[in-house]
Undergrad: 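Let me begin by handing over the structure; questions about it come next.
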Amino acid sequence: MTTNDNAAGENLERLNENLAQVERLSQRLVEVMGRHKPLRKDLNAPNQEVFANAATAYWTEMMNNPGKVLEQQLDFWAKSVKHFVDAQHLIAQGRIEAPEDPTPQDRRFKNPLWQSNPYFNFIKQQYLLNSKAIADAVDGLEGLDDLEKHRIEYFSQQIIDMMSPTNFLGTNPDALEKAVETEGLSLIKGLENMIADLESNNGELIVTLADENAFEIGRNIATTPGKVVFRNHMFELLQYSPTTETVHEVPLIIFPPWINKYYILDLKEQNSMIKWAVDQGYTVFIVSWINPDRSYANIGMEEYINDGFMVAFDEVKKLTKQKQVNAVGYCIAGTTLHLTLSLMKKRKDKSVKSATFFTCLTDFADQGEFTPFLQNDFIDGIDDEINEEGILRSFIMQRTFSFLRSNDLIYGPAIKSYMMGEAPPAFDLLYWNGDGSGLPGKMAHQYLRRLCQDNQFVNEGVELCGETLHISDVDVPVISITCETDHIARWKDCYRGFQQTKSKNKTFVVSESGHIAGIVNPPSKKKYGHYTNSDLSVDSDTWMKGADYNEGSWWPLWDTWLSSRSGKQIAAREPGDSEHPVLCDAPGTYVAVKATR
């Protein structure tokens, strides 16, 4: 027997051993999934009524306009048959090659085999034909209102994305090549990754996006020096150590969203907005919200306002011996800062000198990409969840957000982890994204029903804290930073709500990029520019047409805006005082609490 024969035999033996291990892991996978307790209601599945209405519309269209429907079907059949005949013709000629490929470029199909191999090319072309046929059929539906049409488009796109041949081992050349190259070891690692994800999430299949062992809060992320100087049942208050000899008199307090952890603004030194603000000579405070468990079921928007925002304002004023503060609210915390400012107007409380809003929605008249999730069937499912669990668990929100970008946040990572057997990357942003927080049941219900669904803050006013709060109550100097490609808080929707404040001094900015990258955009990167226009009386399209484009980050513009409202220079303040002894070093203890599963 030759050396080559021995090597081939050894390779075959290793392959058989690995495939046997795959079989054993598959049995373990079945056992894990058998222990899974499913959600009472699939919160990402459409109500059957949605599909029933679509089917009714389709058959009505067929009866009233059969020619149009038949034309769509014949076009699909003709292209499919031609595609099959072209492939067969090449095979009959003995040419093992792909037929002509007129399909558009798609980054899912970047492996050269999708173009050159007749098997993979045939599958790809047929999938794209099928996808277009589904999209065209949905686009041609009549007799549906805009809401029903929007939901059908969303759910049909989910089906299209899910059925991509890249999502299945037998039709993914990258995964098959990797399995052969590794003699099946990639399949073993992939199954181990899948089982680990299932076991760590109580049977829910949530793809781990980042290497959780690569980061430690306080060691290599969230490292800006500071102290925890106050704590209650809602938040820890962090005060950062100064890096300048003098600071602005008026302190700055930042309220991050409580859907995620605060350290998105302090991932690492190079892109930390917190460190940058400290270096500009501000006394910076940030709220680190509690990660609620089931005992927080009855915590509502009132507690976030009174025991969160209002208490934080009072403690910062005491610590700095100032009558006013400058406040920042990011995302849902920006919405709640608006609510708080309205309440303070009613109470004649002038503690806030200016307010900054990052990607902040107040007018929910147009729900954008969240439309499918803000209808009664879905919110009813949320209510069922929080009635039993007491909270809206983090993974439900993460899954909902992920489905808005399913190829990037679900299928792509799943392919790499489960089919290719790759370890999650050491990526700080993805680590933060997976380190979520739950929402108290009452608060989630109020936010979704009163603000998102009923849009009360800009309509009749929302009843909170014994007052009727309205966007028009807000009259302090304000600046809103939005992001051009933000799909969570679209800049045009932020603009529409921002216009309705009664402030005589307001500035609106659109940063390039999205919900995170457009905000966490340090000047040193020189990556994304921003748009400005002082005329806020026009609609959003007109505003953008008349806007000036500015190279680089918006942070220096904000510094200029904020510093003019931050008083004189005084000696730098160290964290804490005699009435606020240091409780521990930043980043504190609340940030380390993991979400309830």
Side-chain angles (χ1 to χ4, degrees), residues 217-218 222-256 258 261-263 265-266 274-275 277-292 296 299 302-329 333 336-337 340-341 343-344 347-356 465 476 562 565-593:
I217 297 172
T223 59
T224 300
K227 307 292 182 182
V228 175
V229 294
F230 176 82
R231 180 187 294 131
N232 69 4
H233 67 292
M234 295 298 295
F235 68 93
E236 287 183 331
L237 183 66
L238 280 61
Q239 181 180 359
Y240 290 93
S241 302
T243 58
T244 56
E245 291 185 3
T246 63
V247 294
H248 292 283
E249 185 178 31
V250 179
L252 176 67
I253 178 169
I254 302 172
F255 295 93
W258 48 89
K261 304 289 183 66
Y262 84 86
Y263 62 88
L265 299 176
D266 191 30
I274 291 171
K275 184 182 185 307
V278 171
D279 289 345
Q280 306 316 303
Y282 295 98
T283 302
V284 179
F285 295 83
I286 198 166
V287 162
S288 177
W289 298 102
I290 189 72
N291 201 339
Y296 278 71
I299 295 293
E302 297 90 345
E303 283 75 21
Y304 276 90
I305 293 172
N306 284 323
D307 300 343
F309 285 76
M310 297 300 292
V311 168
F313 290 149
D314 286 343
E315 296 305 322
V316 169
K317 287 191 299 180
K318 292 175 186 176
L319 274 157
T320 60
K321 299 177 175 56
Q322 293 293 307
K323 294 181 179 179
Q324 290 186 302
V325 303
N326 290 316
V328 178
T336 311
L337 177 56
T340 304
L341 292 172
L343 178 65
M344 295 172 77
R347 294 177 175 176
K348 296 181 172 54
D349 185 337
K350 297 182 179 181
S351 296
V352 174
K353 188 169 186 178
S354 77
T356 300
C465 306
V476 301
L562 188 62
R565 294 164 177 82
S566 298
K568 63 184 180 181
Q569 292 285 311
I570 62 171
R573 306 176 175 105
E574 293 297 329
D577 62 16
S578 59
E579 296 181 4
H580 297 82
V582 170
L583 302 178
C584 63
D585 289 334
T589 60
Y590 282 7
V591 73
V593 178

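If you're wondering where the values come from, they're calculated on a predicted model, not measured in any experiment.
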Undergrad: May I have the step-by-step check of side chain to side chain contact (heavy atoms under 4.5 Å, CB included) for Val476 and Lys353, ending in yes or no?
TA: CA-CA 7 Å; Val476 301; Lys353 188 169 186 178; over 6 Å; no
Undergrad: Quick one: closest heavy-atom pair of Ala312 and Val287, and the distance?
TA: CB-CG2, 4.2 Å
Undergrad: Can you check whether Phe255 and Phe285 have ring centres sitting under 6.0 Å from each other?
TA: no
Undergrad: Measuring from Lys323:NZ to Ser351:OG, what's the distance to the nearest 0.5 Å?
TA: 11.0 Å
Undergrad: Go through the steps to decide whether Cys465 and Asn306 satisfy the test side chain to side chain contact (heavy atoms under 4.5 Å, CB included), and finish with yes or no.
TA: CA-CA 8 Å; Cys465 306; Asn306 284 323; 3.6 Å; yes
Undergrad: Go through it in stages, so that I can follow the logic: the residues are Cys584 and Lys227, the test is side chain to side chain contact (heavy atoms under 4.5 Å, CB included), and I'd like the CA-CA distance, side-chain angles, deciding distance and then a yes or no.
TA: CA-CA 6 Å; Cys584 63; Lys227 307 292 182 182; over 6 Å; no
Undergrad: Compile the donor-acceptor pairs under 3.5 Å between side chains in residues 229-242 and protein atoms, sequence neighbours left out, one pair per line.
TA:
{"unit_1": "Arg231", "atom_1": "NE", "unit_2": "Glu236", "atom_2": "OE2", "d": "2.7"}
{"unit_1": "Arg231", "atom_1": "NH2", "unit_2": "Glu236", "atom_2": "OE2", "d": "3.0"}
{"unit_1": "Asn232", "atom_1": "OD1", "unit_2": "Met234", "atom_2": "N", "d": "2.8"}
{"unit_1": "Asn232", "atom_1": "OD1", "unit_2": "Phe235", "atom_2": "N", "d": "3.0"}
{"unit_1": "Asn232", "atom_1": "ND2", "unit_2": "Asp307", "atom_2": "O", "d": "3.0"}
{"unit_1": "His233", "atom_1": "NE2", "unit_2": "Asp307", "atom_2": "OD2", "d": "3.3"}
{"unit_1": "Glu236", "atom_1": "OE1", "unit_2": "Thr589", "atom_2": "N", "d": "2.9"}
{"unit_1": "Glu236", "atom_1": "OE1", "unit_2": "Tyr590", "atom_2": "N", "d": "3.1"}
{"unit_1": "Glu236", "atom_1": "OE2", "unit_2": "Thr589", "atom_2": "N", "d": "3.4"}
{"unit_1": "Glu236", "atom_1": "OE2", "unit_2": "Thr589", "atom_2": "OG1", "d": "2.5"}
{"unit_1": "Gln239", "atom_1": "OE1", "unit_2": "Gly576", "atom_2": "N", "d": "3.0"}

Undergrad: What are the two closest non-hydrogen atoms of Ser354 and Asn326, and how far apart are they?
TA: OG-OD1, 2.7 Å
Undergrad: For residues Ile254 and Val284, determine if any side-chain heavy atom of one lies less than 4.5 Å from a side-chain heavy atom of the other.
TA: yes
Undergrad: Give the minimum heavy-atom separation between Tyr262 and Ala222, together with the two atoms involved.
TA: OH-CB, 4.0 Å
Undergrad: List the residues meeting side-chain contact (heavy atoms from CB on, under 4.5 Å) with Lys568, not counting sequence neighbours, and say none if there are none.
TA: Glu249, Ile570
Undergrad: Heavy atoms only: give me the nearest Gln324-Val250 pair and the separation to one decimal.
TA: O-CG1, 3.6 Å
Undergrad: Holding to salt bridge (charged side-chain N to carboxylate O under 4.0 Å, His left out), I want the full list of residues that pass it with Lys318, two or more places apart in sequence or in another chain.
TA: Glu315
Undergrad: Decide yes or no for Pro256 and Trp289: does some side-chain heavy atom of the first lie under 4.5 Å from some side-chain heavy atom of the second?
TA: yes
Undergrad: With rounding to the nearest 0.5 angstrom, report the CG to OG1 distance, Leu252 to Thr320.
TA: 11.5 Å
Undergrad: For the OG1 atom of Thr356 and the CZ atom of Arg565, what is their distance to the nearest 0.5 Å?
TA: 9.0 Å
Undergrad: Does Glu303 have any side-chain hydrogen bond (donor to acceptor under 3.5 Å, both in side chains) partners at least two apart in sequence or in another chain, and if so, which?
TA: none
Undergrad: Where do Arg573 and His248 come nearest, in terms of heavy atoms and distance?
TA: NH1-O, 3.5 Å
Undergrad: What's the separation between atom CD1 in Ile274 and atom CG in Leu265, rounded to the nearest 0.5 Å?
TA: 5.5 Å
Undergrad: With a 4.5 Å heavy-atom cut-off, do Glu245 and Gln569 have their side chains touching?
TA: no
Undergrad: With a 3.5 Å distance limit and no angle check, can you tell me whether Asp266 reaches the backbone of Thr223 through a side-chain donor-acceptor pair?
TA: yes
Undergrad: Taking salt bridge (charged side-chain N to carboxylate O under 4.0 Å, His left out) as the test, write out the residues that go with Asp349, two or more places apart.
TA: none
Undergrad: Would you call the rings of Trp258 and Tyr304 parallel, tilted or perpendicular if under 30° counts as parallel and over 60° as perpendicular?
TA: parallel
Undergrad: Treating Asn291 as the side-chain partner and Val593 as the backbone partner, does any N or O pair qualify as donor plus acceptor under 3.5 Å?
TA: yes
Undergrad: Nearest heavy-atom pair of Thr246 and Thr244: which atoms, and what distance?
TA: O-OG1, 2.7 Å
Undergrad: Carefully, step by step, assess Leu343 and Phe309 under the rule side chain to side chain contact (heavy atoms under 4.5 Å, CB included).
TA: CA-CA 11 Å; Leu343 178 65; Phe309 285 76; over 6 Å; no
Undergrad: Among all residues two or more places apart in sequence or in another chain, which pass the salt bridge (charged side-chain N to carboxylate O under 4.0 Å, His left out) test with Asp279?
TA: Lys275
Undergrad: So, Lys261 side chain and Ala592 main chain: donor-acceptor pair closer than 3.5 Å or not?
TA: no
